[in-house]
Structures are given as C-alpha cells and as structure tokens.
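Note sheet for the following structure.
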2 protein chains.
Amino acid sequence: MAKTTKTKIKEASISSKASPSSKSSEDKPKSSGTFKIATFNANSIRMRLPIILDWLKKEQPDVLAIQETKVQDHEFPKEPIEAAGWNVVFHGQKSYNGVAFISKKPFGDVIKRLYPKDAEEQARFLVGEYEGVLLINTYVPQGFDIESEKYQYKLKYYVDLKKYFQKNIPTDRSALWMGDLNVAPTEIDLNNPKGNKDHPCYHIDARQALEETMKGKWTDLFREKEKGPGHYTFWDMRFPGAFQKNLGWRIDFLMGTPPMVERLQKIWIDTKPRGLEKPSDHTFLVAEFLR
Amino acid sequence: MAKTTKTKIKEASISSKASPSSKSSEDKPKSSGTFKIATFNANSIRMRLPIILDWLKKEQPDVLAIQETKVQDHEFPKEPIEAAGWNVVFHGQKSYNGVAFISKKPFGDVIKRLYPKDAEEQARFLVGEYEGVLLINTYVPQGFDIESEKYQYKLKYYVDLKKYFQKNIPTDRSALWMGDLNVAPTEIDLNNPKGNKDHPCYHIDARQALEETMKGKWTDLFREKEKGPGHYTFWDMRFPGAFQKNLGWRIDFLMGTPPMVERLQKIWIDTKPRGLEKPSDHTFLVAEFLR
DNA sequence: GCCCACACCG
DNA sequence: CGGTGTGGGC
C-alpha cells in the first residue's frame, strides 16, 4: 500500500444508478453560485505551469481538465499546484499525451483507461466524478496523415469512445466530455476548410467519427451559445502570426449530456493565455453551469 | 567582400612598436577616470544575455571579455547588445568554446587565431587593442582527465600561448591576458586541493604550464590585492549547494604586464551574478586601472 | 546541473 | 515553432 499512489486506478465502470458515491453527492445540498469548468491542452504541464497557476488564481474554476501534460506520473509537478491550494489527479506517460484534472475539492477514485485491460495504452483518458457530474477528459489522437496507421487509430478511438459512452454514460446522467478532440466539426470551426479537406482533423471520416460518437448523447455546448465563425481554441505554432491573424481551429470542446445542456449558463474561449509569453498552442475553453 | 564579416581576421601579429594604430591611441589624450575591465565565462551567451545586459548596465565597464559563448558567429546575439549601446566582437563555433569582447567604444581589427594557419582550430582566442592596451581573451581547454588526449592538448595550449606571448607581447607593453584559464594556481585557489591532485585544473603539470607561461611577463592581478584563501570565480553546478557553501575554484584571471600592474587600482570578484536565476557556473572578475 | 546538437512529433 | 528524449561536454 505504501508504494501505490493515493489515487486508485479503477477499470470498473461508474454507473449513474449503481455508484454509492455518485448517489451521495447528488443527494447532498449544493453550494451556491455556479459550477465553473474548463479545459486546456497545455502542451507540457511543466512548461505551462506559470500560465496555468496564474489562470487558476484569476478564474477560480471548480475543475480544469488538462491534456498533453507530457510527463510521467512520478515527474508530475503536483507540489506547486497543491501549494497553490488546488487538488490534482493525473495520468501520464513519457513525452506524449497525458491528462489531468485540477480541482478545488479532491476527486475520489478516477478511471484512467478507456480499454479494460491494455498495459500498452496511451495516456489519453481520465474519468472522475465531481459534485455529482461525471467528467470525461480525453486527448483524442491527432491522426498525423489520413493515409497513415495513426489516422486509423484515431477513427478507432472514436468508435471505442462511443462504446464506452454507450456502456457507461446514461443519457440522462449529468456528464461532461471534454478535452482536445482533434476534430473541427464544421466548416466554420477552422480558418481554412477548403485547404484542409485531407487534414486528419477535418477530413470527412474524422468529422463523421465525432458526429457518430456524439449522436443522441452529447451536445457541443459552445454552439449552444455561439453560432458564428472565427471562434477557435488552437492556433498552430508552425504558422508564424497564426494567432495574431486568428488562423485557428476549434478542436477543444465541452460536450454535455441533456441535463448539463439545461444547466449551461455561459461558455467562452479565453484567448488571453494564447498571447502570453511561452504560450501553449491551445487556449482555455470555459463554461459555467447552474449547480 | 560582401560575404566577409565586418571584423577582419588578421593572422599577423600586433607589435607595440610597429603598429600605427597602437602608437596613435597611446599618444592621444586619455579620458578621465579609470579604465574598467572584466572577464566572465558565460557558459552560453544566449542563455546569459539577461544577466550580461543587466551587469553591463550597472557596472559600466570599458570592456567585458566573455568565454564559452557557444554560438557560431552568424547566430551571435549582437543585436540586443548593440541595441543596449555596446559594441561587440566575437569569434565562435557550434556548441563549444567561443570568445567575445563587449566594449563601450568599438574595437578595431581583432585577431582570432593563436595558430597562424589552422582551419580546425577551436574558438578559444581573441586579441584586440583598446585604448592602447592589448587585450588577450582566452578560453583555455579544460583537459577532461589527466590521462586523456585532451589534457595533453591543454598543456600544449599553454606552451603555444607562451610562444605567442614571447613573439607578440613585449614585457614593457600595456597588455592584459584574461579569461578562463582552467587552472587553480595554488592550494588556496580551490576549496579542496587535497582531493584534486589529479584534477586537470589543479594537477601539477597544468599548474606548472600556467606558471611557465606567466614567467617574467604576467602578474596575477587579483593576488596583487588579495592574499587570502576562499576567493573563487567558479562553482560547479554538479555539486548542489557548491556556491552557497563556497566550494569553488579560482580559475578565471586578469593577468597584467608590468605597466598594467603599475596602473592597477582595484580588483574584485563580483559574486552576485552567480546567485541569480539561471546563472553561469562562473562569475565576473573585475578590475580598475588608471588611464 | 546546465549547456549544446540532433531526432521525433504535432 | 516549441515541446520531448538522448547523448556528450564540463
């Protein structure tokens, strides 16, 4: 026991009906005000720690979901985060991927695996419950090139996510699916749709995979409040001035089940962190819900 | 001509008698006050630019000699240095070594080679004249291990420096030899002499090589003013707390010919920069001379 | 421990 | 462009 981390890895599913912990937190009186939640692809939590800690201090979210932490669990910088008064759970690997939740109150058990038994799995998935809401934090594979193996893995990842949601997330449950989904769903969700027909984040198969995975369960919460073009969460570093010229992609999402659509108050992209020194290539997507 | 750098590389020697430029500057009236000169092993001028620019602004030296710039000439960050109002000449290579002078007034021609013809030579040597004083900036090889080829190269480097000085620096000329000489000359010049008998920077052969090179020409200016132990210019990053515990080495020097010994007013090691964020493993050695 | 180069990735 | 790991140097 002394050698295991405090956060247990569970492979069992969380059900809205069966879980005593979810029942108890749904039953207990809610604190006042709103429930504020955000998602951010950090592209290295170590390099982005100053930006993240500043943002947390200013924005005071209940939960921040992070992707691309790019760090193994024993190297995760939890001390400065906890020293700033936050709780954190994480699931990482060397160099690539890696997901985390930073929160005001501690998470209980979290699930770190999309696949029940697979030691080889990439660290792209983290599920936990917070104040009775199921939170699914994913970093979906980017896909490299539509002709590649990696693109097939991406498409399969969506199929497997759909299966997971069917099995584990009842549509009437309060749940949020969030993170970097690496798909721009429509032509208004990227600067240059015409030139990106074969891009792994806009190719028709990727868009249909996302659509299939969402169908009947998930609503793109940003589009509940904003119908217009030009709202992006990612601007590629390899194109100089992409952010300044707003040549970006909307590939980070907060998806909600119907109960969360009902509770949604506000949702916005906070572009300021993208303009700071040593920024991530992504920025924060933030929403507030009725408690 | 368009492809050559503005600073010409000369392989000819500078003589105290024959050089018209040295004669004219020695004849012309000197500005008032003192002549302030410093040396600093930066261990990457790119990483140390903030520390160097801050130090220059505060200390206002006439000349700062830098070693281990670790940058090729076409990548040297001269713009921010010139933008701060300084002149700079440099001689570098990829990854290793590299020397430079930053100065209030521009240098004229500088010499970048210890060896007359050797395209393979490492960038460890820079000679120029400033206000009638010959300045020789060297980054002497460290020597790795006393059993190694590199150590033999270090010993030979001292022999070749001695030859250069015999041929090019008359003892009655105003001249300063400065830089990282990678030798602690006596037992009070390093924290742990007993444990470093076989260290390439304290081994008897290295100390004798330095002594031979100095003999009859060069005076260790720091020891003109300070006879005691515990004064160091380098503290190894690999020993945690070395600087805090003052476990260091005095391996950076300002050496003077007799005319410069006469003119020496003050000399000190400025330890403050070694305690800053992202420091070099060395710090600045500074001296003031009568003009 | 902190530099550098290089190779890989998005 | 800006992350990561690796390997080498001091």
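Lettering follows sequence order; numbering is per chain, from 1. These numbers were taken from a predicted model, which means no experiment stands behind them.
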Taking only residues two or more places apart in sequence, or in another chain, which ones meet [X] in a side chain to side chain contact (heavy atoms under 4.5 Å, CB included)?
{"X": "Asp160(A)", "value": "Leu114(A), Tyr115(A), Lys156(A), Lys163(A)"}
{"X": "Glu187(A)", "value": "Pro193(A), Tyr202(A)"}
{"X": "Lys150(A)", "value": "Phe144(A), Ser148(A)"}

Partner residues of [X] under the ring pair (Phe, Tyr, Trp, His ring centres under 6.0 Å) criterion, sequence neighbours left out:
{"X": "Trp235(A)", "value": "Phe243(A)"}
{"X": "Tyr158(A)", "value": "none"}
{"X": "Trp55(A)", "value": "Phe284(A)"}

message = For DNA chain C, which residues of residues 183-197 of chain B approach it to below 4.0 angstrom with any heavy atom?
response =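 By residue number: none to list.
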query = Of all nucleotides in DNA chain D with an atom under 4.0 Å from a non-hydrogen atom of chain B, which is the first and which the last going 5' to 3'?
reply =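 Range of nucleotides touched by chain B: dG9(D) to dC10(D).
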Quick one: salt bridge (Lys or Arg N to Asp or Glu O under 4.0 Å) pairs with a partner in [range], sequence neighbours left out?
{"range": "residues 230-240 of chain B", "value": "Asp236(B)-Arg238(B)"}
{"range": "residues 46-57 of chain A", "value": "Arg46(A)-Glu75(A)"}
{"range": "residues 272-285 of chain B", "value": "Asp270(B)-Lys272(B)"}

Aromatic plane relationship, Trp249(A) with His199(A) - under 30° parallel, 30 to 60° tilted, over 60° perpendicular =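 Taking Trp249(A) first and then His199(A), their aromatic rings sit tilted (interplane angle of 30° to 60°).
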ask   = Which letters describe nucleotides 3-10 of chain C, given B = protein heavy atom under 4.0 Å from base, S = only from sugar-phosphate, - = neither?
value = SSSS--SB
